[in-house]
Structure formats: C-alpha cells, structure tokens
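Heads up, the thing below is written out as structure tokens.
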Amino acid sequence: MAKLGSCHGTGAKKSRKKGEGKTLTIALAGNANVGKSVIFNQLTGSHQTIGNWPGKTVESARGFLDFEGEEIAIIDLPGIYSLSTFSLEEIVTRDYIAREKPDVIINVIGAPVLERNLFFTLQLMEMDVPMVVDLNQVDLAEAQGITIDAAKLAKWLDVPVVPTIAARGTGIRELVSRAVEVARGGSVTEDNHIIRDARSETITTGTGHQNRRWNRQNRQNGGPNGIPGNCNATGTGNGHHRHRVRYQGGLEAGVSELTDLIESEKLNLEYPPRWVAVKLLEGDTGIKEMVGAKSEHISRTTEVVARRLEETYKQPRFAAVASERYALAQQIARDVQSQTKNRTTFLDRLDRLTTQKVFGYVMSVVVIAGLLLWTFTIGNILSTVLTNAFSFFQPVNPQVSGQAWSIVWNGVFGGFVAGVTLVLPFVIPFYLMLAVMEDSGILTRVAFMMDSAMHQMGLHGKAIIPLILGYGCNVPAIYTTRVMGTRRERLLASFAITFAPCAARTIVILGLVSVFVGYGWALALYAIDLLIMFIAVKVALKVIPGDTPGLIMEMHSFKTPSLSVVTRQTWARTKSLIIMVLPMYMIGTAAVQGLYAFGILQPVSEFMSPLTVSWLGLPVVAGILLVFGVVRKELILLALVAIYGTDLAAVLTPAQFIVLALVGMLYLPCIATIGILAKEFGWKSSIAISLANLAAALLAGGIAARILDIVF
C-alpha cells in the first residue's frame, strides 16, 4: 500500500524571529464547513478586512494577530475540496500558496469526516509547503462515537496535528504556537516534539481592541478523546523538512519520472516540481499549457507516461490519480480512528427527515416562507420606527422645487434615510436569520432539496440562497452569488435576482396596487414576476451556453448556532452593503432631484412618451417617474405623491396603477444593483442584464395594458 515519507529540503522560505520586525503569514486552508472561519474569527477578532482577491471576485478575508509580541497576518483561504481549476476558489487558493508562499499553512480538517478531508490534505502536501494540521470539531466526532489518535495521524502525515474545538476556543493557542514554530523552523527533539521556550499565555487580537486568553489550565486539562491538553500536538514541526506523498505502483513511478525531468530542465516554475508532475498526469489544463509553453519535450513525455498510467489502472488518468489519493486517505483514516457503536440521536433522525423526498420539500418550502415572513414582519416594524424617527427631524419626500442647495441637501438626506429605513431594516433581520440557518446546517439541506427545481431554470440548488436574499435587496443577493462555482452560474443567478421584487419594489407594488386596486392584483403581480423570471433565465441559457453542473456541497451535522459566528457574519455582510448602497443612494437621489428641479427631465419624459403613453398607456409624467426609479425603486411612488399629492386615484386609472407597478417592478435595476453587477461582472454584462430587464418590462407592460383595457 502507498506510504507517506519526508525529504530533507533546503530550509524554510523565510526564517523569521522575534525582534526582526517582519510579519509572519499564516494561511488557513481546508474544506467548507470544517470551522475554518470560526478559527479565523477566534484569532483575528474585530481586526479583519473583507475584500476581493486581486483580479478575482472571490472573497478575501485577512486579519492580524498579536502573538507573544509578534504581529501575525492571518489569511482565510476559500473553502475548497481540491486544488484543481474547476472553480475560482480553487485557482485563488493554489495560486496564493504557490506565489505568495505563506510561512505556514494551517490545514483545518473536520474530525467527523476525517477520510474525506484527508483527500485535500494530501494535495496540500503535494505542494511541499510548511504545514500544521488542525483536527477540528473533535467534540462532534466524539458525539458520533469516533475517536482519533492525533499522535498516530501526525506520524502518518509527518506534520504537527493539533485537536481543537474552535467554537469553544479549545486548543487554539496550542495551534498558533505550533504554527509559529513551524514557520520559524523550530528544532526537533529525539521524541519528535518541537523544542520551545516558555511563552506567555495571552493572545491579543487586532490592535488591542479585543483580547482573547487561553489559560494554562485549558492546556493542561485532559483534551478531547483523552489526549492531554499540553501533549496533543505531535510531529516534526520542523520548517526545514518537506513532506512528500508517495503513491504505490505505476503512479509513483510516473510522478518520479516527470519530477526528475522537470528538475533537470530547470523550468523555473512557480509551483513545486513534484506537484507539477502530479497535475500533468491528472491532465490539468492550466499546468499543461504553462509547462508546454516552456518545454515540448516534457509535454510529449507526459502523454507517454499518462497513457502508460491509464493502461495500468484501466481508467482515465485523472481518475487513477484520484483513486490513489482516496486509497491513501482511506488507509490513514482506518489506521488512526476507531468508532464505537452509538445510538441514533434526535439530530440524526432530523437529518434523514429533512432530506426525505416528501417531507424534505415541505420543510424547504416552510423554511423559505418562514424566512421571508420573518424578514418582512421584522423589517416593516423596524422600517416604521426608523421612518418616524427621521421624519421627526425632516420630511424625506423628494423635493422638486426651491433653492438649489435645499434640493441637493434633501436628495442627500433622503438617499441616506432611504438606505437606513428601506434597506437595512429588511436586510439585517434577513442576514441574521440566514446566518442562523447557515451555522445550524438547515440552509445546506434546503439547497440540496431545491436542486431539482432550480435545475428547471438552468441553475442548481445553491442559487436558492441568493435568490431568496434578492427579495430583501438585490445588492447583497448578487454579492452572495459568490457561493456559486463558476462565473456562468453566478451570472445566471444574478440575472434571475434582478427580477426578484426587493423591499423597495414591494413598497411600489403595495403602495400603488394593494391600496388603490386590491391585494389580489398585488399577489397576481408576484406570480407574473415568477413566470417572467423563469422565462428570462431560460432565454439567457441560450445566450450563455454551457452545462449546469450537479450540486456538490458539504452538509455538516445539525448543531446549535454559535452566537459569535452569527453576529460576526451578520455584521460583515451588513457592513459591505452599507459601504456599497448608501453613497449610491445619496448621490443618485440628489442628482435626479436636481435634474428635475432644473427642468432637464421634462424633455426626457416627453422623449419617452411613445413608449410610456402610446405603448404602456401611462400619463406623460411616467417617464419622469421611471427615471427617478432608476435611483431607488420606491421613488416611483414617492415622486408621484410629491407631484400629485396622495389622492392618486384622481390621476391614474386601475389599469394604469397595475401597469406602472408591473413596469416599475421589472425594468432597469436600481443604480446600486447596476453598480454591484458592474463590480462583479464588468460593465458589459451589467448593461446587457439591464437592457434585458428593460425589454422584459416593456413587453410585459404593453401586453398587460391591452389586456387590462378589456378587464376594466
């Protein structure tokens, strides 16, 4: 059977010691749902930033930790399952490791699913990087009757292994200590333990705003699975050692042959030669192109070795490599863990029930309906309270006449109030409940159950999460499409989201149709919207060809949500929304009101009259209303009231109320949505989506106008 070994290298990339004034970099890598983000938050506290990786739309999380007087940069890499190029997250992770060369990688693995996580661990070892393994969630494994011998696992992998319970902070200090020692290239004793000096028991996160302490008692008490708290990390920890995965039979021979050839030709690649050899045999397109551009000889040899490999294993080259990894992961897991027979728990029964063919769908519908009901109930309460509070200082209706400074101030203030009273009240409760559902494990099961239904639209189950969020606000919903695997999936999901009636559109529907025509017609508009969304995405599938992949996602065990995780997640998402939306609302509202006050919009409205009057059957003023609505959808209603007063029934007919609400619901996304589309996909895609929305709105509005003329 395959074996793991280590080879003596030339030394750590950067041996940094206290007092040198250099910052150590620790990168967290691992599968999704193994507690990686919890560890990141434990270490960095409030001193962290969220952004994008350079040139990518994948989220980047960075923070800093003050450990024993030394500042350490903590990088939270995306949660992935392999180092292939099937998703942006995988590309980002492997490029960061290869090019940025962090001082040490902390590979976070979930103890309850050790074998599955080791598949990724072996790939990290192939990259020949300094590494510490964090055996997290040992409490969940213990609850399932699983016991893992951390010392034996460390001997297999030849790296330090530290059991932790990140949600409680157990083992975190030991984990950081080991990671720092590996980064510094600590010396090794005969019993394979790292020599280290006595250290302070305090870790300060960030710049002193938040302190986290792990006391000596926590380390000395017996750790999970009977492993002593101060002896639960074993392995060399030597920064001068490199860890090599050795496979059996034909694969090892092929990898060694290509590795020697790559080293002999001195190609000066960014990646380790042995890892490149493995990826060449896998058929990795990016690596093949990179190597082929430098050496045709290696490319030809690779194909010869790959064919030999396929003949030996009787399966495609990529499957042969994967099967060897799985075989090795299985062997390690079988040797280091044992499982006692445990009784079926309530959570086990609940897990089976929520993924059952009938009840699972019912549960998914109930969860989605409950989320929306919670959002709009709490959102309406908060919106009313905040609106009344701001109205106490100054009315927030659009000002379309008066002095220039007054109009501009009203626009800026009104835009700010709109964001605070119409977006945040709905988004915060939505994000809060979404974080609870994510951390508890409910959301992944909803996505799993909705996968078949979403495939009918050309999407998969993960799209249900941002799509639901779109009913609160399109901006964070489009941002959340980052959970999708490819740009095509994200683009299709974002296109669908632009048709979702957000809180502002709901205000228009309720204010125009429910009040002046009836609730039945308002509900009919929502049904029509779903139909148009379905048709629009089906048409988009023809424009953006490609296959819709099956749903592959981790479904971790049900658990009680962590308050700290939920609050941090909610705040991180809300903060990014505030930064994006408020400035756009404030600037856009002031600009549109100023244009109207100075008579610039009147010619625009008359220019639009062939569409608004002749085709849609609306008054001439509808052109101005729709321009206002591009900034904020609710301005369609507010501007109408500002111009004609509250007795709108004297101005519009029932058919015009419905058509105006329908067009306002579907046409050009608001300026904030257009902005986030441009940021995520570029202006070309943003404009294309906006024009598609406009075309759908005009077509549906014109048809509705003619049908409603008969009804009314």
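Numbers for residues simply follow the sequence, beginning at 1.
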Fill in: Test item: side-chain donor near acceptor, D128 and Y271, under 3.5 Å
no
Discussion item. We want to know whether T259 and E263 form a side-chain donor-acceptor pair, criterion being a heavy-atom distance below 3.5 angstrom.
Written reply: no
Item to complete: Locate the shortest heavy-atom distance separating R274 from S256; write the atom from each residue and the value.
Response: NH1-OG, 4.2 Å
Worksheet item: Looking at Q123, R325, E282, which one forms a side-chain contact (heavy atoms from CB on, under 4.5 Å) with S82?
Response: Q123
Response to the item:
The residue among V159, V180, V162 that forms side-chain contact (heavy atoms from CB on, under 4.5 Å) with V132 is V162
Item to complete: Apply ring-ring contact (aromatic ring centres under 6.0 Å, His included) to F119 and Y81, showing your working.
Response: CA-CA 8 Å; F119 182 79; Y81 298 90; 9.7 Å; no
Discussion item. Looking at R178 and E174, is there a salt bridge between them, counting it only when a charged N and a carboxylate O are closer than 4.0 Å?
Written reply: yes
Discussion item. So that I can tick it off, tell me whether K101 and E270 are bridged by a salt bridge, with the cut-off set at under 4.0 angstrom between side-chain N and carboxylate O.
Written reply: no
Discussion item. Keeping D149 on the side-chain end and V336 on the backbone end, is there a donor-acceptor pair under 3.5 Å?
Written reply: no
Discussion item. Working to the nearest 0.5 angstrom, can you tell me the gap between L118 CG and M125 CE?
Written reply: 9.5 Å
Worksheet item: Could you state the interatomic distance from CG (N136) to OG1 (T170), rounded to the nearest 0.5 Å?
Response: 10.0 Å
Item to complete: Could you list the residues that satisfy side chain to side chain contact (heavy atoms under 4.5 Å, CB included) with Q330, not counting sequence neighbours?
Response: E115, R334
